[in-house]
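Okay, structure first, notes after.
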Amino acid sequence: MEQFIPGQRWISNTESELGLGLILEVAHKRVTVLFLACDEKRMYAQDNAPLTRVRFSVGDVIESIDEDKVTVTGLTEQDGLITYVGKDEDGHEVQLDEVELNHHIQFNKPQDRLFIGQVDPSAWFLLRYETWLRLQQHQQSPVKGLLGGRASLIPHQLFIAHESANRSAPRIMLADEVGLGKTIEAGLILHHRLINGLSNRVLIIVPETLLHQWLVEMLRRFNLRFSIFDEARCVDTYAEDDMLAEAGEADVAADNPFLTEQLILCSQGFFSNYPRRQQQAIAAGWDMVIVDEAHHLEWSELAPSTDYLFVEQLGSVSPSLILLTATPEQLGKESHFARLRLLDPDRFYSFAAFVEEERLFEPVAHAAKLLLAEEVLNEEAQQHLTALLKDDNVESLLKNLNDPEQSAAARDALVNVLLDHHGTGRILFRNSRQTVQGFPDRERYGYALTGQANADDLQQDPRYLWLVDKVKQLAGQKALVICKQAQTAIDLEQVLKNRAGIASAVFHEGMSIIERDRAAAYFADPESAARLLICSEIGSEGRNFQFVHHLILLDLPTNPDLLQQRIGRLDRIGQKHIIQIHVPYLEHTDNAVLYRWYDEGLNAFACNSSSAQRVADLLHDELAAVLASKNPADIDVLIAKTQTLSAELETQMHNGRDQLLELNSCRKELADELIEQMSAYEKEGVLWPYMEDVFECYGVDTEFHSPDCFIIRPSGHLRVSHFPGLTEDGMTITTDRQIALAREDMQFMTWEHPLVTASMDMVLSSETGNAAISVIKHSDFKAGQFFLECLFIVECSAPAELQIGRFLPPTPIRVLIDQNQKDVSADIDHRDLVEAGIKFDKHRIIIFLNSQRSHLINILGMAEKKAKADMQALVDQATQAMLESLSNEIKRLVRLKKVNPSIRTEEIEQLKDMTMLAHENIQAAQLRLDAVRFVITS
């Protein structure tokens with residue numbers, strides 16, 4: 001072991017960030033080292049000090065305290081101290097004592113760390129290599145951006161997200177029927193854009209009542225942390241500037257509060273009440289704006305509302321705009337046009353022109369219906385199709401429609417051509433329950449009770465007594481209980497616990513989000529004693545309790561949409577059981593009337609009705625009169641009238657359905673392919689083993705919880721001050737999507753979870769594993785042979801919007817060279833270099849490495865030459881794939897633009913520019929040595 005002498009320069013093996021250390025004192029079997037770069041002093045025992053002697057070699061470039069660079073040409077050593085001889089940047093010969101070396105010198109290059117002995121365990125080198133491979137795989141995955149959402153793999157949602165998120169700037173309307181997941185679709189699109197770096201600044205505008213629902217959904221489902229902005233938040237941010245602005249002494253855009261966060265959530269009412277905030281929001285600049293309940297933005301050609309004008313201005317300065325709205329058939333044509341106009345004002349410039357275009361398209365829509373229904377096309381329908389598709393050479397397809405053997409293929413081909421031509425197909429997405437399968441059946445049970453309601457003493461209320469009995473009948477099955485008022489829910493939970501001994505959780509708007517989460521988690525836990533979750537009306541909004549199949553409605557709302565929202569907590573795609581709806585009602589009360597009206601008039605308990613709310617609006621006054629009188633004859637008349645009106649409206653809506661548009665809103669083959677790819681990714685089963693290696697490396701404790709579920713906590717020997725995304729209390733995670741959907745108290749770990757992405761960044765942005773020494777056993781090699789395993793990375797720096805990662809992500813190239821300078825990369829797989837588990841004298845190996853320094857540098861040069869040849873092959877392959885992909889899309893859009901005006905010229909031009917830029921950036925790819933491992937055979 002080399003002797004410590006004051007004045008020598010050594011470096012810490014465990015704290016390389018301290019820079020170059022100076023030996024101050026050697027006494028009493030201890031050595032004192034001063035790290036001048038950070039003014040830190042360390043004392044070590046001489047016999048096991050984690051230090052490595054710094055000794056530069058001929059050809060190295062070193063730096064003096066004055067930051068003068070010197071290329072070493074020779075060195076001398078006297079009394080244990082080194083003097084370097086070399087040439088400065090002007091070519092003059094200089095001498096530099098080691099004590100004059102720059103204190104900030106760090107050995108970051110893999111080869112430098114290897115030669116000075118700053119090596120990591122081999123497991124860390126393997127982790128680094130695995131991280132690069134996984135990163136490359138994820139970057140090139142066609143489902144990148146879709147994996148991380150805590151949502152079921154539902155075809156229409158994934159299709160919409162994939163179809164729209166990959167556009168250069170999506171401007172779309174999501175108009176699915178209630179219960180089909182518009183919020184999830186918007187979240188998937190947003191998550192995809194953020195993961196791929198295509199959007200950074202996002203503003204979401206929603207009705208006041210949905211603020212927390214959106215906040216919770218974005219966090220729980222997509223790990224997106226939005227900040228709610230209201231007037232109080234803005235005033236707190238720039239209180240003094242706001243006072244000046246109100247006095248007219250400050251610029252509206254100066255110190256804009258909307259520039260302090262990237263992801264912001266606001267209510268429409270906030271902007272309506274504070275017009276100055278509208279101007280600041282417009283000036284802040286957004287990559288994407290999302291507006292929920294967009295049909296509430298009132299518009300007419302002569303008098304658009306101020307709320308509409310605000311969104312119009314936002315849309316004009318934001319490249320991407322997403323509107324979530326009620327289905328178009330529930331609203332008038334003018335309202336529908338107003339929303340299309342926000343998305344593409346050049347395309348939808350005149351309401352009269354829009355109405356005329358719809359009229360001209362009707363025959364085509366009719367022909368599409370016939371094709372989809374596999375009915376015979378008459379001559380008139382064929383003529384309309386021929387005229388519309390005159391540039392697509394469809395004559396042979398039309399002829400084949402009557403050929404039994406070729407008819408099916410011809411119909412499919414014609415439908416696909418029509419889908420591409422559809423006027424609003426690229427802007428509007430609308431799915432209906434009629435076309436989306438997977439919803440559960442419902443059964444309703446009404447319980448007519450006698451007696452009087454008693455809010456002051458629930459034990460005397462017949463509904464309470466019925467509920468206690470019903471819980472016993474359910475025999476341990478869980479049930480969701482919903483009532484209008486939060487206080488009712490609170491009182492009921494207390495009485496059930498104290499008087500009946502029934503454990504339940506309560507959930508209402510007066511609780512904080514954390515308290516609601518805890519209540520939901522307690523109820524969801526199969527091991528908990530809670531058999532009921534008692535919710536208020538507002539408290540249950542936006543929550544998913546599809547693991548429950550008993551719903552108890554202690555009262556009924558007068559609004560059909562609210563009733564469907566209640567049932568919608570359970571009636572979701574993925575519900576595995578028949579939903580059993582229990583409605584206890586007191587005879588001769590409002591609830592008794594409402595039960596009959598919903599059940600017999602609207603059939604609302606059995607199924608969702610798109611016409612129900614419209615019927616309720618038209619019959620509002622009559623319903624109010626019947627509720628006041630409770631006359632049985634009046635009730636019968638109202639129910640009959642409701643049935644007739646509901647049937648008429650349903651028929652109108654069904655006839656007005658655009659089946660072609662619905663088909664274009666979910667192309668099943670593509671959606672099924674996405675699901676298959678995502679399922680295969682998740683079934684690989686490599687995420688948790690990989691993360692276990694990361695946790696082992698950085699000192700995070702892991703504990704088995706249950707199958708596919710684990711508990712992770714920071715240990716006492718954490719290698720970093722804070723492991724990203726991990727709290728001191730730790731967290732419970734699952735890698736199983738179905739468990740994550742049922743257990744919202746667990747984190748759903750995917751390759752796109754923030755903790756995983758931050759872990760990978762931490763591994764690759766640090767020195768972790770970039771230099772290692774391994775002793776291996778291999779049947780093909782004699783003891784004493786050595787190899788140099790080099791890990792090179794092909795890097796292509798490019799703007800995020802080019803998505804170069806699809807074609808050339810950071811790609812690892814492994815090169816293995818033996819001691820005879822022979823390339824054996826293809827002969828010996830990385831996984832074959834298995835550690836022998838033999839302890840070795842690292843100091844002796846470091847001495848050997850430095851004695852072979854020039855030989856090893858030659859091997860490194862040979863490895864780099866091999867890697868450059870491999871890189872060129874990767875560049876050529878990526879260029880070809882990019883040109884093929886983007887050229888095909890450009891040709892398709894150019895062809896379709898002739899018949900589909902919704903395809904904008906600037907979209908095509910932007911795609912052409914992207915192709916040229918992508919080509920330039922791929923050709924400019926660089927090669928970098930990322931890690932090196934010295935391998936010895938035993």
Side-chain angles (χ1 to χ4, degrees), residues 135-136 138-149 157-174 184-204 218 221-226 261-264 284-291 314-315 317-324 343-344 426-427 429 674 678 750-754 757 760-761 795-810 878 881-882 885-886 889-890 893 903-904 906-922:
L135 188 64
Q136 177 199 4
H138 185 238
Q139 288 277 1
Q140 290 186 299
S141 169
V143 292
K144 182 189 175 191
L146 298 176
L147 290 167
Q157 293 176 354
L158 291 172
F159 172 79
I160 290 172
H162 182 268
E163 171 69 16
S164 53
N166 281 305
R167 297 179 188 176
S168 57
R171 297 179 70 88
I172 60 171
M173 187 192 305
L174 303 178
I184 292 177
E185 290 164 8
L188 283 168
I189 294 168
L190 175 55
H191 182 264
H192 184 288
R193 303 282 295 180
L194 292 171
I195 285 286
N196 286 285
L198 301 175
S199 300
N200 293 300
R201 288 183 48 75
V202 181
L203 173 66
I204 299 179
M218 292 301 104
R221 290 191 180 278
F222 304 104
N223 297 297
L224 299 177
R225 297 183 179 275
F226 273 81
E261 297 285 352
Q262 295 290 86
L263 305 178
I264 293 179
W286 308 96
D287 300 319
M288 176 179 284
V289 173
I290 299 174
V291 182
L314 272 176
V317 296
S318 304
S320 297
L321 177 64
I322 298 179
L323 305 179
L324 282 70
L343 297 167
D344 193 348
R426 287 177 55 80
I427 293 175
F429 292 95
L674 288 172
M678 292 178 70
T750 69
W751 289 105
E752 293 172 353
H753 190 282
T757 57
M760 296 176 85
D761 287 343
E795 295 177 314
C796 181
S797 300
E801 60 268 20
L802 295 181
Q803 295 193 69
I804 288 293
R806 292 178 294 166
F807 312 109
L808 187 61
M882 180 275 298
S885 173
L886 296 185
E889 184 62 14
I890 290 170
L893 292 182
I903 295 167
R904 295 174 293 166
E906 53 266 36
E907 189 176 353
I908 297 172
E909 292 304 315
Q910 188 175 13
L911 206 51
K912 290 179 180 177
D913 292 340
M914 282 176 62
T915 305
M916 293 176 62
L917 282 171
H919 186 273
E920 291 174 13
N921 281 279
I922 291 174

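The closest side-chain heavy-atom distance from E909 to K912 is below 4.5 Å. A 4.5 Å side-chain heavy-atom check between V202 and S320 finds every atom pair outside the cut-off. Using a 4.5 Å cut-off on side-chain heavy atoms (C-beta onward), M218 and L263 make no contact. Taking the side chain as every heavy atom from C-beta outward, Q803 and N196 approach each other to under 4.5 Å. The shortest side-chain heavy-atom distance between F807 and C796 does not fall under the 4.5 Å cut-off. Between V317 and W286, every side-chain heavy-atom pair lies at or beyond the 4.5 Å cut-off. The shortest side-chain heavy-atom distance between L147 and I195 does not fall under the 4.5 Å cut-off. The closest side-chain heavy-atom distance from E163 to I172 is not below 4.5 Å.
In this structure a side-chain-to-backbone donor-acceptor pair under 3.5 Å is missing from S885 to A881.
Scanning both residues, T750 and G148, for their nearest heavy atoms gives OG1-CA, 3.4 Å. Heavy atoms only, all atoms of each residue included: L674 and L158 are closest at CD1-O, 3.8 Å. A186 approaches L324 most closely through the heavy-atom pair CB-CD1, 4.1 Å. Heavy atoms only, all atoms of each residue included: D287 and S199 are closest at OD2-C, 3.7 Å. P809 and G805 get closest at one heavy-atom pair: CD-O, 3.3 Å. Scanning both residues, S164 and P170, for their nearest heavy atoms gives O-CB, 3.4 Å.
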(message) Working note: I427 + R171, criterion side-chain contact (heavy atoms from CB on, under 4.5 Å); need CA distance, chi angles, decisive distance, verdict.
(response) CA-CA 7 Å; I427 293 175; R171 297 179 70 88; over 6 Å; no
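A distance of 8.5 Å separates CG in N166 from CZ in R193, rounded to the nearest 0.5 Å. In this structure, R221 CZ and I184 CD1 are separated by 4.0 Å, a value rounded to the nearest 0.5 Å. Summarising the geometry, atom OG1 belonging to T757 is positioned 9.0 Å from atom NE2 belonging to H138; distances are rounded to the nearest 0.5 Å. To the nearest 0.5 Å, atom CG of residue L190 and atom CD of residue E185 are 13.5 Å apart. Rounding to the nearest 0.5 Å places CG of L323 at 4.5 Å from CG of L343. Summarising the geometry, atom CD1 belonging to I804 is positioned 14.0 Å from atom CD belonging to E795; distances are rounded to the nearest 0.5 Å.
Between F222 and H191, the ring planes are tilted. Angles from 30° to 60° get that label.
E752 is linked by a salt bridge (Lys or Arg N to Asp or Glu O under 4.0 Å) to nothing, counting only residues two or more places apart in sequence or in another chain.
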